[in-house]
Engineer: 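Could you have a look at this structure, given as structure tokens, before my questions?
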Amino acid sequence: MWRSGKRIWSPFLYSVLISPPEVIGHLQENYYNLCMEKSQKINSFILHILQEVDEEIEKGSEGITLNIAGNSRLMPEEKVTGEDFWILFRILKKNPYINGLDVRYNFVSDVGAYYAARLLQKQHNLVYLNLMFNDIGPEGGELIAKALHKNTTLKYLRMTGNKIENKGGMFFAAMLQINSSLEKLDLGDCDLGMQSVIALATVLTQNQTIKGINLNRPILYGEQEESTVHLGHMLKENHCLVELHMCKHNIKNCGIKQLCDALYLNRSLRYLDVSCNKITRDGMVCLADVLKSNTTLEVLDLSFNRIENAGAKYLSETLASHNRSLRALSVVSNNIEGEGLVALSESMKTNPTFSNVYIWGNKFDEATCVAYSDLIQMDRLKPDNTDVEPFMVDGHVYLAEVSNGLKKHYYWRPTYGEACTNSPNAGFTLVPVGEHL
């Protein structure tokens, strides 16, 4: 294993290298026996999950995702460590029934990243790997990125929240020049630097297989909005990308204009996320204008900006009279008052395509409450397609928040039910890129 430019040798790694391969059998039994053989502490959470998977296999199920997420509130879990991942690697590397592995919110670290990279090299059925928030650093990111140079099966990789930093981001950019099978890559909250964001944008001008990429919250310095300049240029050249997340890029009106200029030429992007930025009503002038001619964009996330009444009215005028492709719009927490919110509700009456709208966190007056209550009662706005629900007190209509949205379960899992239900994750339902969030 390499760390800080030097190779680290340990008896732990030595035992991995000299151990003979095991035969495919019951996963739980293999896991237990291997832990006993290697004097490794048995993780009861893993043991329980493997028992459930064994039962599915016995029923004849194939294409199973092994879910060992460390943030499940349905059962007490014991966090998966790098040493646990070594055992998982040993029992999964030849297993034909497992095609997905979710180990989010654990303590995999760079040690586990080494075995995740080995798994990508040895397991030829794996199409989905979720490593989000596992304390993986730049060295672990390098190992995983290099393992993907020759991997031809993985379709979706989530590295969300692992601080691979600028160095790790550069290795993933280099990987995208070589890999021709990966379709979705999530590098959100990874502390990417400007250099790696620019490198990823440059590589994506040529990459023809990536359909979705998440570059949320890079560590950027300065006020020149360089990331939007380069990503805007990429959108002009790339005609395969379907989903782009640019949350927390410090985008202001100049930056949104750069993206709008690209959207005049782009004919593939269907989901654009520019939430948590600094876009105001002036930026909505450009966006409303491009939506008059753009016929591909279906989901637009403007949450947590500041478009106010004027920005909402610009959008509603375009949606009412010109655009017939946008299906979902989120303007959550945008300092919009009654006038702008009512204008958006009016656009739904004339636009049959516009089906999902999310408005919570703005300033509701009675006219707003009545307008959205009427849309729901007329069945023009489905209760599952919005984040508000009307109720009445003393003859007055009010709106309550409902846990629906474009990506409610992006970071966390619900207490009960499936994490991939449609109404809380409408963005991924309307524009599906892969089977997982």
Engineer: With I136, which of L143, N162, V111 fulfils side chain to side chain contact (heavy atoms under 4.5 Å, CB included)?
Structural biologist: N162
Engineer: So how far is it from M234 CE to L204 CG, rounded to the nearest 0.5 Å?
Structural biologist: 5.0 Å
Engineer: Could you check if a side-chain atom of I279 sits within less than 4.5 angstrom of a side-chain atom of L287, using non-hydrogen atoms only?
Structural biologist: no
Engineer: Donor-acceptor pair, D54 side chain versus Q28 backbone, under 3.5 Å?
Structural biologist: yes
Engineer: Check step by step if side chain to side chain contact (heavy atoms under 4.5 Å, CB included) holds for V53 and Y97.
Structural biologist: CA-CA 9 Å; V53 172; Y97 303 103; over 6 Å; no
Engineer: Do V229 and Q258 have side chains that get closer than 4.5 Å, going by heavy atoms?
Structural biologist: yes
Engineer: Determine whether more than 12 heavy atoms belonging to other residues, nucleotides or ligands lie under 6.0 Å from atom NZ of K236.
Structural biologist: yes
Engineer: Taking the side chain as every heavy atom from C-beta outward, state whether S227 and L220 have any pair of such atoms under 4.5 Å apart.
Structural biologist: yes
Engineer: Taking all atoms of both residues into account, what is the closest heavy-atom pair of C190 and G161, and its distance?
Structural biologist: SG-N, 4.0 Å
Engineer: Side chains of N179 and L154, heavy atoms from C-beta outward: is any pair under 4.5 Å?
Structural biologist: no
Engineer: Going by distance alone, is a donor N or O of one side chain under 3.5 Å from an acceptor N or O of the other, for N335 and K363?
Structural biologist: yes
Engineer: For the CZ atom of R281 and the CG atom of N334, what is their distance to the nearest 0.5 Å?
Structural biologist: 13.5 Å
Engineer: Under the criterion side chain to side chain contact (heavy atoms under 4.5 Å, CB included), which of L263, L302, L235 is the partner of L272?
Structural biologist: L263
Engineer: Using every non-hydrogen atom in the two residues, find where N385 and S355 come nearest and quote the distance to one decimal.
Structural biologist: CB-O, 3.4 Å
Engineer: Mind running side chain to side chain contact (heavy atoms under 4.5 Å, CB included) on L319 and T353 for me, showing each step along the way?
Structural biologist: CA-CA 9 Å; L319 290 171; T353 311; over 6 Å; no
Engineer: Please check: side-chain N/O of N134 versus main-chain N/O of V103, any donor-acceptor pairing under 3.5 Å?
Structural biologist: yes
Engineer: If only atom types and distance count, is the side chain of D110 paired as donor or acceptor with the main-chain N or O of G140 below 3.5 Å?
Structural biologist: yes
Engineer: So, taking the atom named OG in S330 and the one named CZ in F304, what distance separates them when rounded to the nearest 0.5 Å?
Structural biologist: 7.5 Å
Engineer: Would you find more than 12 non-hydrogen atoms of other residues, nucleotides or ligands less than 6.0 Å from K407 atom NZ?
Structural biologist: yes
Engineer: Treating N351 as the side-chain partner and N323 as the backbone partner, does any N or O pair qualify as donor plus acceptor under 3.5 Å?
Structural biologist: yes
Engineer: Does F171 reach the side chain of K146, with side-chain heavy atoms less than 4.5 Å apart?
Structural biologist: yes
Engineer: Would you find more than 12 non-hydrogen atoms of other residues, nucleotides or ligands less than 6.0 Å from K155 atom NZ?
Structural biologist: yes
Engineer: Which pair of heavy atoms, one from Y156 and one from L182, lies closest together, and at what distance?
Structural biologist: N-CD1, 3.9 Å
Engineer: Go through it in stages, so that I can follow the logic: the residues are S275 and D273, the test is side chain to side chain donor-acceptor pair (under 3.5 Å), and I'd like the CA-CA distance, side-chain angles, deciding distance and then a yes or no.
Structural biologist: CA-CA 6 Å; S275 59; D273 176 7; 2.7 Å; yes
Engineer: So, the side chain of R327 versus the backbone of R324: is there a donor-acceptor pair under 3.5 Å, distance only?
Structural biologist: no
Engineer: Determine whether I307 and L315 make a side-chain contact, defined as any pair of heavy atoms from C-beta on separated by less than 4.5 Å.
Structural biologist: yes
Engineer: What verdict does the side chain to side chain contact (heavy atoms under 4.5 Å, CB included) test give for F85 and N106, after you've listed the backbone C-alpha separation in whole Å, the side-chain angles of each residue and the deciding distance to 0.1 Å?
Structural biologist: CA-CA 10 Å; F85 208 98; N106 283 292; over 6 Å; no
Engineer: Has T153 got a side-chain atom pairing as donor or acceptor with N125's backbone, closer than 3.5 angstrom?
Structural biologist: no
Engineer: Could you walk me through whether L200 and L192 pass the side chain to side chain contact (heavy atoms under 4.5 Å, CB included) check?
Structural biologist: CA-CA 10 Å; L200 287 161; L192 301 179; 4.0 Å; yes
Engineer: Is there a side-chain contact between L231 and H249 in this structure, where contact means two heavy atoms from C-beta onward sitting under 4.5 Å apart?
Structural biologist: yes
Engineer: When rounded to the nearest 0.5 angstrom, what distance separates CG in L259 from SG in C286?
Structural biologist: 10.5 Å
Engineer: Just by distance, with hydrogens left out, do D189 and T160 show a side-chain donor and acceptor under 3.5 Å apart?
Structural biologist: no
Engineer: About how many Å separate NE2 of H239 and OG1 of T205, when rounded to the nearest 0.5 Å?
Structural biologist: 10.5 Å
Engineer: Within a strict 4.5 Å, meaning less than it, do heavy atoms of the H230 and V197 side chains meet?
Structural biologist: no
Engineer: Is a side-chain donor or acceptor of N71 paired with a backbone partner of W412 at a separation under 3.5 angstrom?
Structural biologist: no
Engineer: Quick test of your reading of the model: are K184 and E243 salt-bridged, counting only N-O distances below 4.0 Å?
Structural biologist: yes
Engineer: Considering all heavy atoms of both residues, which atom of M159 and which atom of L187 are nearest to each other, and what is their separation?
Structural biologist: CB-CD2, 3.9 Å
Engineer: Strictly distance-based, threshold 3.5 Å: is any side-chain N or O of E62 a donor or acceptor partner for the main-chain N or O of G60?
Structural biologist: no
Engineer: Closer than 4.0 angstrom, basic N to acidic O: yes or no for D102 and R104?
Structural biologist: yes
Engineer: Between atom CD1 of I87 and atom OH of Y32, what is the distance when rounded to the nearest 0.5 Å?
Structural biologist: 13.5 Å
Engineer: For the residue pair C240 and S268, what are the closest heavy atoms and their distance?
Structural biologist: N-OG, 3.6 Å
Engineer: Name the orientation class of the two ring planes belonging to F133 and Y105 (parallel below 30°, tilted from 30 to 60°, perpendicular beyond 60°).
Structural biologist: parallel
Engineer: Counting only heavy atoms not in K252 (residues, nucleotides, ligands), do more than 12 fall under 6.0 Å from its NZ?
Structural biologist: yes
Engineer: Does E237, at its CD atom, have more than 12 non-hydrogen atoms belonging to other residues, nucleotides or ligands within less than 6.0 Å?
Structural biologist: yes
Engineer: For atom NZ of K163, is the number of surrounding heavy atoms from other residues, nucleotides or ligands below 6.0 Å larger than 12?
Structural biologist: yes
Engineer: Taking E165 for its side chain and G137 for its backbone only, find out whether a donor-acceptor pair lies under 3.5 Å.
Structural biologist: no
Engineer: Can you tell me if CD on E56 sees more than 12 non-hydrogen neighbours from other groups inside 6.0 Å?
Structural biologist: yes
Engineer: What are the two closest non-hydrogen atoms of D84 and K41, and how far apart are they?
Structural biologist: OD1-O, 4.1 Å
Engineer: Is it true that, when you exclude F107 itself, more than 12 heavy atoms of the residues, nucleotides or ligands shown sit nearer than 6.0 Å to its CZ?
Structural biologist: no
Engineer: Would D289 and Y264 satisfy side chain to side chain donor-acceptor pair (under 3.5 Å), going step by step from the backbone distance to the final call?
Structural biologist: CA-CA 10 Å; D289 190 61; Y264 282 110; 2.4 Å; yes
Engineer: Donor-acceptor pair, distance only, cut-off 3.5 Å: does the side chain of T386 make one with the backbone of V357?
Structural biologist: yes
